[in-house]
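Proteins get letters first, then strands, A, B, ... in listed order; numbering begins at 1 in each. Computed over heavy atoms, backbone and side chain alike; hydrogens, waters and symmetry mates excluded.
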2 protein chains.
Amino acid sequence: MTTIRDVAKLAGVGLGTASRVVSGKGSVAPATAEKVRRAIEALDFRPSHAARALLSGSTQMIGVYIPLLKGSFYPHILQTIDRELRTANRHMVVAFGREDTDTRHEVLEGARFLMERDCDGIVLMSNALTADDAQTLLRRQPNLVILNSSFESVAARCFLADHVQGGRLAAQTLLRHGHRRLVAISGPLTSPDNVDRMQGFIQELRTSLGAQVVIPCEEADFSTAGGYAAAGRLLDQGHRFTALFCANDEMAVGALACLAERGLRVPRDVSVLGYDDTPAAEFAVPRLSSVHMPIREVTLAGTRALLNQCYGLDLFVDRHFPVSITARASVIDAT
Amino acid sequence: MTTIRDVAKLAGVGLGTASRVVSGKGSVAPATAEKVRRAIEALDFRPSHAARALLSGSTQMIGVYIPLLKGSFYPHILQTIDRELRTANRHMVVAFGREDTDTRHEVLEGARFLMERDCDGIVLMSNALTADDAQTLLRRQPNLVILNSSFESVAARCFLADHVQGGRLAAQTLLRHGHRRLVAISGPLTSPDNVDRMQGFIQELRTSLGAQVVIPCEEADFSTAGGYAAAGRLLDQGHRFTALFCANDEMAVGALACLAERGLRVPRDVSVLGYDDTPAAEFAVPRLSSVHMPIREVTLAGTRALLNQCYGLDLFVDRHFPVSITARASVIDAT
DNA sequence: GCTAAGATTGGTAACGGTTCCATTTATGCC
DNA sequence: GGCATAAATGGAACCGTTACCAATCTTAGC
């Protein structure tokens with residue numbers, strides 16, 4: 001490995017001078033700088049990150065915890081973070097949940113793993129965290145952002161769309177198409193953002209259809225298999241419905257598979273509305289209408305806010321995340 | 001930040017003694033060790049990775065390059081690598097392709113980014129690499145494994161299933177169900193592993209149906225949207241066929257969407273066979289039969305081989321990756 | 001009680017950068 | 001030309017850890 005001392009020796013200059021050329025700080029005579037640059041080139045010198053990290057106390061790495069990579073929701077987020085970090089010339093260290101479900105224990109273990117590695121900051125994503133956990137983590141690592149979950153006590157570090165509004169929008173959409181007999185598949189009730197969207201959904205229905213209205217609802221775990229099973233349970237219970245709202249697209253895709261197997265045609269017999277508008281929705285059969293949650297913008301904002309905090313940058317952070325409806329083929333007017 | 005000097009001071013021992021307790025190397029009197037451990041506990045001391053990296057020349061980090069995270073193929077791989085690395089107490093630094101297509105330039109740029117970060121080793125995945133590129137990279141970083149691509153010149157560092165055999169299996173399966181009028185959607189012809197599976201597929205058909213047999217085939221880019229478009233082109237060309245083979249599940253899902261929109265029923269009118277057996281296949285409508293490629297085992301073997309090489313470990317590496325058929329609902333007997 | 005071997009211990013040097021300070025060289029001005 | 005100021009330069013010190021060496025302390029054996 002070639003060191004900056006080798007460079008200095010070859011260029012015939014002092015250690016400090018070589019360092020000044022490499023880091024671009026301090027003044028060096030143009031002719032001298034050129035000599036050093038040629039030496040760098042000749043030796044293919046690359047400064048050691050480890051040495052810089054040791055001296056500066058900054059590793060230039062951001063840790064990212066993601067519960068699991070099933071489905072098309074999380075991968076997209078990871079890619080967005082990577083692009084932003086590489087643009088800022090920082091690196092991404094990733095830890096995934098090791099179990100297939102998003103548990104509190106997994107998140108804390110993953111976060112611990114990342115912190116031990118001296119990341120300059122951490123991006124956290126999970127539905128399983130409690131407010132206390134968030135507080136504890138923030139104390140150990142002030143450079144923390146939480147995506148897609150909200151804790152009042154650490155609100156400034158949370159980035160998410162207004163899921164209550166998203167749930168309302170889902171209800172409005174189905175109502176506008178004339179649907180009155182509705183059922184739903186909820187995500188885990190331990191997930192704050194899931195609770196938000198289900199509350200918005202039901203609030204809106206109660207406002208329009210009357211406070212006494214009951215919406216049959218099955219809980220699942222945000223997975224395709226879970227959605228498949230939940231749809232089966234709703235049918236087995238004998239509910240008659242013209243529209244089904246699913247708290248994410250994964251579960252909606254599972255529900256579509258179930259409905260198809262039971263001989264129900266979507267959208268003719270049942271309209272299905274998803275949530276998140278993930279890439280999977282576009283080529284579902286039939287193409288899945290979905291509440292569009294601007295997760296890319298949410299992720300971008302969180303990542304940039306973290307970069308600003310960690311490195312004193314001044315990247316633009318947009319905290320406005322409007323939800324909307326992406327209308328495709330799976331929702332039509334009630335007959 | 002508390003350093004090992006703080007620990008030594010509090011424990012009332014020398015620097016070296018404290019270090020020996022931390023690293024577990026060398027001999028320390030039990031009573032002394034206990035004092036040091038208490039000091040570590042009291043100060044919440046954690047050794048600096050940066051200092052260790054500087055001294056040892058090893059960062060304990062493995063870099064992973066993945067082209068893109070669309071679809072359910074790559075995410076699964078990442079998660080498998082993460083689990084294995086964390087079990088070995090190493091970290092994963094990830095770089096993704098920044099464009100939505102897997103290009104040569106992107107891979108090289110990503111690999112460069114990872115190498116500059118002083119990763120101890122690199123896991124590479126790409127369909128766009130050439131044999132020369134692989135050679136060049138291997139010269140700069142001997143600790144390199146390549147997943148799911150094969151280059152004879154660096155064969156020992158390549159891990160992949162036998163895709164020729166996979167293609168053969170696909171053909172055998174469709175033939176066994178009585179299909180004779182077949183069409184196919186191929187991945188990019190620049191991708192070596194795609195070429196393998198298409199060659200196996202066509203070889204097998206020629207063997208069974210005669211050397212002169214022609215299989216209409218459209219090329220796409222392994223994406224769902226590409227599969228959708230390719231299926232459309234096959235139909236527009238007026239081919240009549242009872243079975244469609246797609247070189248990966250993503251494209252098969254796109255093709256299913258296209259066939260459904262054109263009023264063709266799968267599997268009654270057309271059988272569709274995918275490749276890779278990704279999670280998406282399980283809940284496609286209808287459930288997608290697929291050539292099962294043991295990507296988890298391939299990934300595990302590559303990751304372990306890299307760990308063995310980087311750190312002198314002796315993890316078991318199984319280089320036997322049998323392909324098989326996962327039969328679901330999308331392939332039935334020809335009528 | 002004495003010696004030798006072994007166990008235990010403390011401190012220095014080194015990893016490869018950057019920062020700071022002291023020194024030398026160049027520049028500007030009267 | 002002489003002086004003051006600024007620019008340019010070289011090198012020591014430092015970041016936190018581990019490896020190594022020399023010194024000290026035990027312990028066993030006779």
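Under a cutoff of 6.0 Å and an axis angle of 45°, A/R90 and A/Y311 form a cation-pi pair.
Put simply, A/S23 has no side-chain N or O that comes within less than 4.0 Å of OP1 or OP2 on C/dG17. For D/dA19, the OP1/OP2 oxygens have a side-chain nitrogen or oxygen of B/K25 closer than 4.0 Å. When the side-chain nitrogen and oxygen atoms of A/S19 are compared with OP1 and OP2 of C/dT18, one or more of them lie within a distance under 4.0 Å. At the phosphate of C/dG10, OP1 or OP2 sits under 4.0 Å from a side-chain N or O atom of B/T17. Remark: A/S27 is in phosphate contact with D/dA8, judged by side-chain N or O atoms under 4.0 Å from OP1 or OP2.
Interatomic distance, A/N89 CG to A/R86 CZ, rounded to the nearest 0.5 Å: 10.0 Å.
A/V22 approaches A/P47 most closely through the heavy-atom pair CG1-CG, 4.2 Å.
Inspection of the B/D193 and B/S191 side chains reveals an N or O donor paired with an N or O acceptor under 3.5 Å. A side-chain N or O of B/S58 and one of B/Q60 form a donor-acceptor pair less than 3.5 Å apart. Side-chain atoms of A/T136 and A/D133 include no donor-acceptor pair closer than 3.5 Å.
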List, with names and distances, any nitrogen or oxygen atoms from the protein found under 3.5 Å away from nitrogen or oxygen atoms belonging to nucleotides 13-16 of chain D.
none

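One interatomic measurement links the two molecules: NZ of A/K9 to P of D/dG11, which rounds to 11 Å at whole-angstrom precision. One can place NZ of A/K35 at 14 Å from P of D/dA8, the figure rounded to the nearest angstrom. Rounded to whole Å, the distance from CG on B/D118 to P on C/dC15 is 16 Å.
Residue A/S56 is classed as having no contact, given no heavy-atom separation below 4.0 Å to the nucleic acid.
Side-chain proximity of A/R20 to the nucleotides C/dC20, C/dT9, C/dT19 is greatest for C/dC20.
Toward the 5′ end of DNA chain C lies the nearest nucleotide of B/T32, the other residue of the pair A/A18 and B/T32 mapping further downstream.
Looking at B/R117, B/H49, B/M92 one by one, the single match for side chain to side chain contact (heavy atoms under 4.5 Å, CB included) with B/M61 turns out to be B/R117.
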